[in-house]
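A quick write-up on the structure given underneath.
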Amino acid sequence: SGALPIGNAGSFPPDFLWGCATASYQIEGAVKEDGRGPTIWDTFSHTPGKVFNDDNGDVACDSYHRYKEDTQLLKALGVKTYRMSLAWSRIFPEGKGKLNPKGLDHYDRVVDDLLANGITPYITLFHWDLPQALPGGWQNRDTAYAFADYAGVVAKRLSDRVNHFMTVNELRCFTDISYMEGRHAPGLKLPPAEGNQVRHHGVLAHGLGVQAIRANAKPGTQVGLADNTSFFVPVIETEEHIEAARKATREENAMFLTAIMEGRYLDSYMQAQGAAAPKVQAGDMKAIGSPLDFVAINVYCPSYVRADASAPGYKILPHLPESPHMASPWLYVGPEVAYWSVRCVHDLWKPKALYISENGCSADDVMTDGRVDDADRIMYLRNCLGHFQRATREGLPLKGYFLWSLMDNFEWADGYSKRFGVHYVDFATQKRTPKLSAEWYRELIRRNALV
Ligand code: PNW
């Protein structure tokens, strides 16, 4: 009859790197074990009313004890790589000063187990679990120096086996959301001058971290960061609107990725902040602009943008509350952002290599007869990957993709109420069950093509 053969909707480059991502506080648990020091997320999640249902990361996915099981989940998926973060306070329980050797020993074991199973670790050094003991947290410039010391120690210990380090994850989240909007630890609502200083300490930590890693790591170690840059989709693909998207990407990220890629704050940003502009010391911008081997971006949702005759030359089109979104209300759907994120970063700054350090979604997963048929998540991922694929087809230097997340985990202020995993976690028993999306991802990796 007229049955068509099973086809591939398009292949990825042969060496494209497929992976999954997680973060220490979201999966490890074991918050009091082997000398780990408390973090601002322990404090925040144990403060009533801060996290949905007053959930916390005390146990999470218990990955501190179950990391070998997690490695086997990765292996079964067929991913070649795993993006994980280290808990700073396991290594320096007070953020600086006395080193806890048990912390480094733990990550040695995790890395060795991954490598023994053919999985390449990509390590994020800071994914929000800031040691509580650091006075003033990111309000204090000293925290940036403490971070660099910690990063250097890790690089020295692990770079014989780990080739890729990301300094920090999502600058906007651990500065703005945490210190200005109050939704994440430490839950402050600082005025603009102090908030801008926190942002500055964040990018400075990244820059000093890059320098410390280069000074301590094996030559050839690749250094970058994972940023949730705000990304813009031109409403119409004409040069005029594409230029508006590029301009918006540069201007709207002036305090984060733009400063890192250009080694300076845009005049427009400094002028707009006026008296509240960050106080910058000699040498800061040089450190912040340290050359990178790669840029990794976390891509979830778009803003749509159009060209505009008046300054600044673009207009961001707001989402309506009823615009389509995934289970998390902030996670608006707009898969073209996958292509335009890569395209705009490439056009603006031409990094040597680009990775997607996170992409994925929450869905209202329910287990029925032992199965989780998460068609919504497959729809979301397939759509995004089609647009990432366009970037690779057009020759943009996109090298790999880390799906967020390997498994359901502690979703910050949403506690355990929002599930992002391709494995379902029953938090009462810690049983991990592959969702239908895991099966789908495995098949995509097997064919190296959209299915
Ligand atoms: C990222 N928002 O966080 C993080 O890197 C992950 O740790 C997290 O689990 C994942 O995305 C899913 O949320 C975000 O409110 C958290 O816009 C919140 C927002 C964006 C990113």
Side-chain angles (χ1 to χ4, degrees), residues 19-28 39-41 44-45 50-52 55-57 60-61 63 82-87 122-130 166-185 187 202 206 224-232 252-253 256-257 296-303 316 318-319 321 323 325-334 337-338 341 355-365 377 380-381 384 401-423 425:
C20 286
T22 61
S24 47
Y25 188 71
Q26 295 182 271
I27 66 162
E28 284 183 351
T39 71
I40 61 174
W41 269 97
F44 189 74
S45 64
K50 297 295 187 191
V51 172
F52 179 86
D55 289 341
N56 60 60
C61 307
S63 289
Y82 180 46
R83 173 178 174 239
M84 54 182 273
S85 83
L86 305 197
Y122 275 51
I123 286 188
T124 310
L125 290 157
F126 177 67
H127 198 126
W128 310 354
D129 39 0
L130 187 73
M166 302 178 193
T167 54
V168 299
N169 179 70
E170 300 198 337
L171 284 151
R172 195 181 301 275
C173 289
F174 76 83
T175 60
D176 291 25
I177 296 180
S178 304
Y179 286 82
M180 293 160 93
E181 297 163 30
R183 292 187 285 122
H184 284 178
H206 156 79
L225 82 162
D227 193 41
N228 66 327
T229 315
S230 301
F231 289 117
F232 301 91
E252 301 295 320
N253 298 290
F256 303 123
L257 193 62
I297 49 181
N298 296 352
V299 179
Y300 288 96
C301 45
S303 290
I316 299 168
H319 288 287
S323 299
H325 59 78
M326 304 307 289
S328 304
W330 57 268
L331 217 171
Y332 289 108
V333 176
V337 72
S341 58
Y355 290 90
I356 305 308
S357 34
E358 291 179 21
N359 171 246
C361 70
S362 47
D364 293 320
D365 301 316
R377 179 170 290 104
Y380 175 94
L381 294 170
C384 287
Y401 172 92
F402 295 87
L403 193 159
W404 185 273
S405 179
L406 173 63
M407 59 194 159
D408 300 334
N409 56 50
F410 177 75
E411 176 56 14
W412 306 114
D414 289 328
Y416 296 98
S417 69
K418 294 287 181 282
R419 294 176 178 270
F420 276 78
V422 293
H423 290 89
V425 178

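Counting convention: from 1, in listed order, for ligands and their atoms alike. Heavy atoms only: backbone and side chains are in, while hydrogens, waters and symmetry mates are out.
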Taking atom types as modelled, find out whether T22 and Y82 have a side-chain donor-acceptor pair closer than 3.5 angstrom. yes

Nearest neighbour in protein (non-hydrogen) for atom 10 (C) of ligand 1: Y300 OH, 3.3 Å

of all protein heavy atoms, closest to atom 2 (N) of ligand 1 is W330 CD2, 3.6 Å

With a 4.0 Å cut-off on heavy atoms, is K418 in contact with ligand 1? no

Note: R83 and E358 closest approach over all heavy atoms is NH1-OE2, 3.0 Å

Among all protein heavy atoms in this structure, tell me which lies nearest to atom 14 (C) of ligand 1, with the distance rounded to 0.1 Å. E170 OE1, 3.5 Å

Among non-hydrogen protein atoms, atom 5 (O) of ligand 1 lies closest to E358 OE2, 2.8 Å

Gap separating the NE2 atom of H184 from the CD1 atom of I177, nearest 0.5 angstrom: 5.5 Å

Could you list the atoms of ligand 1 found under 4.0 angstrom from a heavy atom of F420? 12 (C), 13 (O)

In terms of atom number and element, which parts of ligand 1 are under 4.0 angstrom from non-hydrogen atoms of W128? 3 (O), 4 (C)

Over 60° means perpendicular and under 30° means parallel, so tell me whether Y355 and Y122 are parallel, tilted or perpendicular. perpendicular

One residue to check: N169. Relative to ligand 1, which of side chain, backbone, both or neither has a non-hydrogen atom less than 4.0 Å away? side chain

Are the aromatic ring centres of F410 and Y416 under 6.0 angstrom apart? yes

Where ligand 1 meets H127 - atom numbers and elements under 4.0 angstrom, heavy-atom basis: 4 (C), 5 (O), 6 (C), 7 (O)

State, to 0.1 Å, how close P302 and H319 come at their nearest heavy-atom pair, and which atoms those are. O-NE2, 2.7 Å

Would you mind running through ligand 1 and noting each atom that sits below 4.0 Å from a heavy atom of W412? 6 (C), 7 (O), 8 (C), 9 (O)

What residue and heavy atom of the protein are closest to atom 13 (O) of ligand 1, and at what distance? E411 OE2, 2.5 Å

Say you draw a straight line from CG of N409 to OG of S63; how long is it, rounded to the nearest 0.5 Å? 8.5 Å

side-chain contact (heavy atoms from CB on, under 4.5 Å) with L403: of N359, L381, I356, only one passes, and it is L381

